[in-house]
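A, B, ... follow the sequence lines: proteins, then strands. Residue 1 opens every chain.
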Amino acid sequence: MLKTSTIDIETTINSGQVFLWNKIKDHWIGIDGQDLLILNQSPFIARSSSNKVNNFFREEDNLKQILSNISRDKLVEKAVRQSPGLRLMRQDPFQCYISFICSSNSSIQNIKLMLENLCKKFGNKQEFDGYKLSTFPKAEILANASMKELIDCRLGFRAKYVKGAAQAVNSGEIDFTWLKKADYHTSLESLKKVLGIGNKIADCIMLFSLDKMESFPIDRWTQRILLKYYKKIFDTVTEKPVTEKKYEELHENIVKYFGPYAGYAQQFLFKMERDLNKKKWL
DNA sequence: TCATCACCTGGAGA
DNA sequence: ATCTCCAGGTGAT
């Protein structure tokens, strides 16, 4: 048995990685692809409706080594001290992919709403532990959904991206098993061919579902963090939007500085800065 | 390669 | 009430 008790479920869920989770009394229930998951903090219990908890919290990572590695940076060290139980989750790739396409120019609350609508309309109803929830829709279903149905889910301009992205998966053009094995840059280029996916969204998908731990999503918050605390180290960052070219050279320097587990560093820093600004989570 | 701009929608603040 | 602005970006020009 792993030392899972060091995982802080609430902190982890409320760190912007996942959207389809709800707290009911003292435990959390969430949707991960075709599975429903129930998590309880103490005693620590993680159960899946499919009876396989797919190392959802990346239990096989050598956390001690990773944390000590990224904590060479003093601010990361502080962020880790602040949320020692924060973990990266390994999500269902298709759900993660659609989720972050929906995240474009939207808020966490709104993203959650869109995804819940998709589940209700296109998912399969499932009962687990007395809870009735719809799973996340399969690629084939979304690929064949009508634009009206997608618009009705309040996706807005993202509706066409979601449909196209689902079609890419359904046709085999995007193959998550293959992307998991591919290296960071191959995977990145492949994902960016899908309309609606740029560097930031690709990084989120790769970090949260494709085991690319050097992914370091740079969004408004991360940019703010780099500008506020790392102006000296990453001197190309300004308050202006990060262009594609800048994003890529910035990423290279970030990996040089934070190391191959830069994604972990990003997650702790992101959590710290959002909490500091009292931003709402789920 | 870079700078602008539009984009669905819902919620917060003026 | 009504308006404006913004929210974990991206694509088209």
With sequence neighbours left out, which residue pairs that include part of residues 163-174 of chain A fulfil the side-chain hydrogen bond (donor to acceptor under 3.5 Å, both in side chains) condition?
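Output for this query is empty, none listed.
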Can you list every pair that meets side-chain hydrogen bond (donor to acceptor under 3.5 Å, both in side chains) and has a residue in residues 110-125 of chain A, with sequence neighbours left out?
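Those involving residues 110-125 of chain A are Asn22(A)-Lys112(A), Ser106(A)-Asn110(A).
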Atom [atom1] of [X] and atom [atom2] of [N]: how far apart are they, to the nearest Å?
{"X": "Glu244(A)", "N": "dA3(B)", "atom1": "CD", "atom2": "C1'", "answer": "14 Å"}
{"X": "Ile151(A)", "N": "dC7(B)", "atom1": "CD1", "atom2": "P", "answer": "13 Å"}
{"X": "Phe157(A)", "N": "dC5(B)", "atom1": "CZ", "atom2": "C1'", "answer": "13 Å"}
{"X": "Lys240(A)", "N": "dT1(B)", "atom1": "NZ", "atom2": "C1'", "answer": "14 Å"}

Any luck finding a side-chain donor-acceptor pair between Thr11(A) and Arg87(A) under 3.5 Å?
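No, no side-chain donor-acceptor contact under 3.5 Å.
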Kindly indicate whether the side chain of Val80(A), heavy atoms from C-beta on, has any atom under 4.5 Å from the side chain of Tyr264(A).
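Side-chain contact under 4.5 Å: no.
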So that I can tick it off, tell me whether [Y] and [X] are bridged by a salt bridge, with the cut-off set at under 4.0 angstrom between side-chain N and carboxylate O.
{"X": "Lys212(A)", "Y": "Asp183(A)", "value": "no"}
{"X": "Lys23(A)", "Y": "Glu10(A)", "value": "yes"}
{"X": "Asp61(A)", "Y": "Arg58(A)", "value": "yes"}

Boundaries of the chain A footprint along DNA chain C (any atom under 4.0 Å from a heavy atom):
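Nucleotide range with atoms under 4.0 Å of chain A: dA7(C) to dG11(C).
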Quick check: Tyr257(A) with Phe216(A) (ring centres under 6.0 Å apart)?
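Distance test on ring centres: not under 6.0 Å, no.
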What does [X] touch in the nucleic acid at a heavy-atom separation under 4.0 angstrom: a base, only the sugar-phosphate, or nothing?
{"X": "Gln17(A)", "value": "base"}
{"X": "Lys280(A)", "value": "sugar-phosphate"}
{"X": "Lys245(A)", "value": "sugar-phosphate"}

Test your reading of the model: is there a side-chain donor-acceptor pair from Gln267(A) to the backbone of Thr12(A), 3.5 Å cut-off?
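Absent.
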I'd like the [atom1] distance from [M] over to [N], given in whole Å.
{"N": "dT10(C)", "M": "dG11(B)", "atom1": "P", "result": "24 Å"}
{"N": "dT13(C)", "M": "dC8(B)", "atom1": "P", "result": "14 Å"}
{"N": "dT1(B)", "M": "dG9(C)", "atom1": "P", "result": "24 Å"}
{"N": "dT4(B)", "M": "dG8(C)", "atom1": "P", "result": "24 Å"}

Which residues satisfy the salt bridge (charged side-chain N to carboxylate O under 4.0 Å, His left out) test with Lys240(A), sequence neighbours excluded?
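By the salt bridge (charged side-chain N to carboxylate O under 4.0 Å, His left out) rule, Lys240(A) matches no residue at all.
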What pairs with Glu248(A) under salt bridge (charged side-chain N to carboxylate O under 4.0 Å, His left out), at least two apart in sequence or on another chain?
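Glu248(A) satisfies salt bridge (charged side-chain N to carboxylate O under 4.0 Å, His left out) with Lys192(A) once adjacent residues are dropped.
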For DNA chain C, find the residues of [range] with a heavy-atom distance under 4.0 Å and give them by number; none if there aren't any.
{"range": "residues 88-119 of chain A", "value": "Phe100(A), Ser104(A), Asn105(A), Ser106(A), Ser107(A), Ile108(A)"}
{"range": "residues 192-199 of chain A", "value": "Val194(A), Leu195(A), Gly196(A), Ile197(A), Gly198(A), Asn199(A)"}
{"range": "residues 209-221 of chain A", "value": "Asp219(A), Arg220(A), Trp221(A)"}

Base-pairing string, 5' to 3', of DNA chain B - Watson-Crick or wobble, under 3.5 Å, | interstrand
..|||||.||||||
So, for Ile174(A) and Ser190(A), which heavy atoms are closest and what is the spacing to 0.1 Å?
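Of all heavy-atom pairs spanning Ile174(A) and Ser190(A), the closest is CD1-O, 3.7 Å.
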Checking ring pair (Phe, Tyr, Trp, His ring centres under 6.0 Å) for the pair Phe136(A)/Phe122(A): CA distance, chi angles, key distance, verdict?
CA-CA 8 Å; Phe136(A) 199 78; Phe122(A) 300 108; 9.9 Å; no
Side-chain donor-acceptor pairs of residues 268-277 of chain A under 3.5 Å, sequence neighbours excluded:
unit_1    : atom_1 : unit_2    : atom_2 : d
Lys271(A) : NZ     : Asn14(A)  : O      : 2.7
Lys271(A) : NZ     : Asp275(A) : OD2    : 3.4
Glu273(A) : OE1    : Tyr229(A) : OH     : 2.8
Glu273(A) : OE2    : Lys228(A) : NZ     : 2.9
Arg274(A) : NH2    : Lys280(A) : O      : 3.1
Asp275(A) : OD1    : Trp281(A) : NE1    : 2.9
Asn277(A) : ND2    : Glu273(A) : O      : 2.9

Would you list the pairs meeting ring pair (Phe, Tyr, Trp, His ring centres under 6.0 Å) in which at least one residue belongs to residues 193-215 of chain A, sequence neighbours left out?
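Non-adjacent pairs meeting ring pair (Phe, Tyr, Trp, His ring centres under 6.0 Å): Phe100(A)-Phe208(A).
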Salt bridge (Lys or Arg N to Asp or Glu O under 4.0 Å) pairs, two or more places apart, involving residues 142-159 of chain A:
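Non-adjacent pairs meeting salt bridge (Lys or Arg N to Asp or Glu O under 4.0 Å): Lys148(A)-Asp152(A).
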